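All values derive from a computational prediction rather than experimental measurement. To find a chain, count down the sequence lines: A is the first, B the second, and so on, and within it residues start at 1.
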2 protein chains.
Amino acid sequence: MALTRSDVVDAAIGILDEYGLGDLTMRRLAASLGVQPGALYWHVANKQALLGAVADRILEHLDDDMPTGDWDLRFNELAHRLRAALLAHRDGAEVVAAAHSLRTGQGGTLALLSQVLTDAGFTPAEAELAALAVLHYVLGHTADEQGHAPSETLARTAGTPAAGDTASPAGLATPGTATPGTAEGAAGGPQTSDSPLAGETARFGFGLSVFVDGLRARLT
Amino acid sequence: MALTRSDVVDAAIGILDEYGLGDLTMRRLAASLGVQPGALYWHVANKQALLGAVADRILEHLDDDMPTGDWDLRFNELAHRLRAALLAHRDGAEVVAAAHSLRTGQGGTLALLSQVLTDAGFTPAEAELAALAVLHYVLGHTADEQGHAPSETLARTAGTPAAGDTASPAGLATPGTATPGTAEGAAGGPQTSDSPLAGETARFGFGLSVFVDGLRARLT
DNA sequence: ACCTGAACACCGTTCAAGT
DNA sequence: ACCTGAACACCGTTCAAGT
């Protein structure tokens with residue numbers, strides 16, 4: 001049966017999760033589909049476009065069933081969901097960053113965050129800038145996590161969360177994030193597991209809340 | 001005369017400024033030095049190490065003649081200097097990001113920002129997290145600027161700054177930043193040049209000040 | 001100590017030609 | 001419409017051998 005563009009993206013995500021971005025080459029992808037490298041170019045313009053499609057897939061359904069409530073609650077929820085979506089795939093943050101997919105991507109992650117802030121009372125220009133700023137923060141922080149941190153995305157497998165650490169801020173259910181590829185540095189580093197900032201989610205939340213506090217301060 | 005490691009880094013920066021990161025290959029670098037590709041590996045372990053050395057060079061002297069004063073003033077100064085240093089070389093932000101050079105780099109940009117915040121009264125853990133957060137912001141924002149914005153780093157050539165826009169926040173002299181490579185999108189996009197957030201430096205400063213406001217709010 | 005020559009094992013992309 | 005075969009123009013890295 002003939003290959004489909006969606007098949008190509010599926011296979012790409014498969015390679016990503018199993019071997020990482022460094023091994024996601026057009027030639028390996030073709031091989032995994034049992035096809036010649038040139039065949040891919042019928043379904044996808046080039047590698048950049050493929051990465052864009054992969055990124056769009058990673059960011060799909062980011063705003064499904066969004067809670068209603070204060071802007072800061074919704075803003076936090078979106079940021080945490082974004083991080084969770086990136087963590088759900090090996091090198092997810094790097095892929096999305098490489099694809100420049102947050103600004104333009106189909107889902108419009110930038111637009112989502114921006115909208116919450118204009119609802120809150122910011123001008124469109126301010127809202128977009130602030131949304132971009134936290135987007136950069138989330139991408140950077142999550143890329144760091146995926147670069148050299150002990151994984152933190154099982155949650156479904158074990159009953160007790162790894163170290164008192166869940167991806168969602170409140171008790172809100174995260175969208176269907178399957179288990180990711182194995183992390184490279186599984187041997188725990190010097191994790192100062194006593195401070196209130198231990199746990200990657202808490203560390204992430206700290207930077208996020210500083211930013212949200214700064215935003216709140218300008219609303220008065 | 002025999003090549004020196006410093007020569008190699010110099011030549012790498014030359015290629016970077018003239019042709020960009022995409023054209024900075026070991027083979028091109030070797031050719032520009034009139035040497036065989038293999039010769040480079042006597043001076044540099046691999047490409048990653050080379051990029052690290054280039055990044056270190058870009059970030060050199062970031063804290064020369066730092067002003068004294070309130071932590072927020074010094075924090076802002078460092079952030080603006082960092083952006084200026086990145087803008088001083090084509091694809092500077094991407095190089096530094098790729099080199100993971102802010103955390104570990106010789107200069108210790110992370111340590112510098114962190115120190116300012118511990119001086120301000122934050123715990124070491126909080127200070128490092130907050131410093132990392134703005135580092136991510138600066139890198140992301142500046143990478144965006146360098147990716148598709150009309151260049152903004154002449155300042156020395158013309159008497160009147162391009163659009164009421166300088167890299168330094170106050171009248172503080174920036175360290176020796178030479179003129180960068182030409183920007184790719186020289187044709188001006190839809191620049192809404194009326195709002196108070198026009199001008200890349202103002203846009204950068206907005207996100208930065210939101211974060212600093214958030215930090216100040218926790219000091220009470 | 002420093003570099004050449006030459007190879008190894010890859011890349012992304014194009015494109016005539018086949019079915 | 002969809003894919004093969006085969007090439008083009010590259011990569012980073014290694015390493016014996018030369019000087």
Side-chain angles (χ1 to χ4, degrees), chain A residues 1-57 90-91 94-101 147 184, chain B residues 1-58 90-91 94-101 147 181 184:
Chain A
M1 238 295 285
L3 222 53
T4 225
R5 183 184 159 100
S6 192
D7 294 336
V8 173
V9 175
D10 285 346
I13 293 204
I15 292 182
L16 192 67
D17 285 340
E18 240 189 305
Y19 305 101
L21 182 56
D23 284 339
L24 178 47
T25 70
M26 297 301 271
R27 296 179 104 101
R28 271 187 74 116
L29 179 54
S32 93
L33 287 163
V35 100
Q36 295 296 317
L40 298 179
Y41 291 84
W42 203 93
H43 298 96
V44 108
N46 49 39
K47 189 176 183 178
Q48 178 73 21
L50 171 68
L51 286 178
V54 169
D56 283 353
R57 183 86 122 241
R90 170 115 82 129
D91 297 334
E94 229 178 320
V95 170
V96 168
H100 286 279
S101 207
E184 33 252 294
Chain B
M1 240 296 285
L3 222 52
T4 228
R5 184 184 157 99
S6 192
D7 294 336
V8 173
V9 175
D10 286 345
I13 293 204
I15 292 182
L16 192 68
D17 285 341
E18 241 189 304
Y19 305 102
L21 182 57
D23 283 338
L24 178 47
T25 71
M26 298 302 269
R27 296 179 105 99
R28 271 188 76 116
L29 178 55
S32 94
L33 287 163
V35 101
Q36 296 295 318
L40 297 178
Y41 291 84
W42 203 94
H43 297 96
V44 110
N46 50 38
K47 188 175 183 179
Q48 178 74 21
L50 171 68
L51 286 178
V54 169
D56 283 354
R57 182 87 121 239
I58 291 178
R90 170 115 82 131
D91 297 333
E94 228 177 320
V95 170
V96 169
H100 287 279
S101 207
E184 34 252 292

So, does B:N46 use its side chain to make a donor-acceptor pair with the main chain of B:A49 at under 3.5 Å?
-> yes
Judged by atom type as modelled, is there a donor-acceptor pair below 3.5 Å linking the side chain of A:H43 to the main-chain atoms of A:L3?
->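 At least one qualifying donor-acceptor pair exists.
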At a cut-off of 3.5 Å, list every protein nitrogen or oxygen paired with a nitrogen or oxygen from nucleotides 11-15 of chain C, distance to 0.1 Å.
unit_1, atom_1, unit_2, atom_2, d
C:dC11, OP1, A:T25, OG1, 3.4
C:dG12, OP1, A:M26, N, 3.2
C:dG12, OP1, A:K47, NZ, 3.0
C:dG12, OP2, A:M26, N, 3.0
C:dG12, OP2, A:R27, N, 3.4
C:dG12, N7, A:R27, NH1, 2.7
C:dG12, O6, A:R27, NH1, 2.9
C:dT13, OP2, A:Y41, OH, 2.7
C:dT13, OP2, A:K47, N, 2.9
C:dT13, O5', A:Y41, OH, 3.4

Side-chain atoms of residues 20-27 of chain B: list all donor-acceptor pairs with protein atoms under 3.5 Å, sequence neighbours left out, distances to 0.1 Å.
unit_1, atom_1, unit_2, atom_2, d
B:T25, OG1, B:R28, N, 3.0

To the nearest angstrom, how far is [X] atom [atom1] from [N] atom [atom2]?
| X | N | atom1 | atom2 | answer |
| --- | --- | --- | --- | --- |
| B:Q36 | C:dA6 | CD | C1' | 9 Å |
| A:L29 | C:dC10 | CG | C1' | 16 Å |
| A:L33 | D:dC2 | CG | C1' | 14 Å |
| B:W42 | D:dA16 | CH2 | C1' | 17 Å |

Roughly how far, to the nearest 0.5 Å, is the CD1 atom of B:I13 from the CZ atom of B:R90?
->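 With rounding to 0.5 Å, CZ (B:R90) is 14.0 Å from CD1 (B:I13).
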When rounded to the nearest 0.5 angstrom, what distance separates CG in A:L29 from NZ in A:K47?
-> 9.5 Å
Does a nitrogen or oxygen in the side chain of A:H43 sit under 4.0 Å from OP1 or OP2 of D:dA1?
-> no
So salt bridge (charged side-chain N to carboxylate O under 4.0 Å, His left out) across residues 5-14 of chain B, not counting sequence neighbours, yields B:D10-B:R57
Contacts table for residues 34-42 of chain A: side-chain donor-acceptor under 3.5 angstrom, sequence neighbours left out:
none

Looking only at heavy atoms, what is the nearest atom pair of A:A99 and A:A55, with distance?
->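 In terms of heavy atoms, the two residues are closest at CB-CB, 3.7 Å.
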Dot-bracket for DNA chain D, 5' to 3', with Watson-Crick and G-U pairs under 3.5 Å, [ ] for crossing pairs and | for other-strand pairs: what is it?
-> ||.|||||...|||||.||
Can you tell me how far P in D:dC10 sits from the matching atom in C:dA9, rounded to whole Å?
-> 22 Å
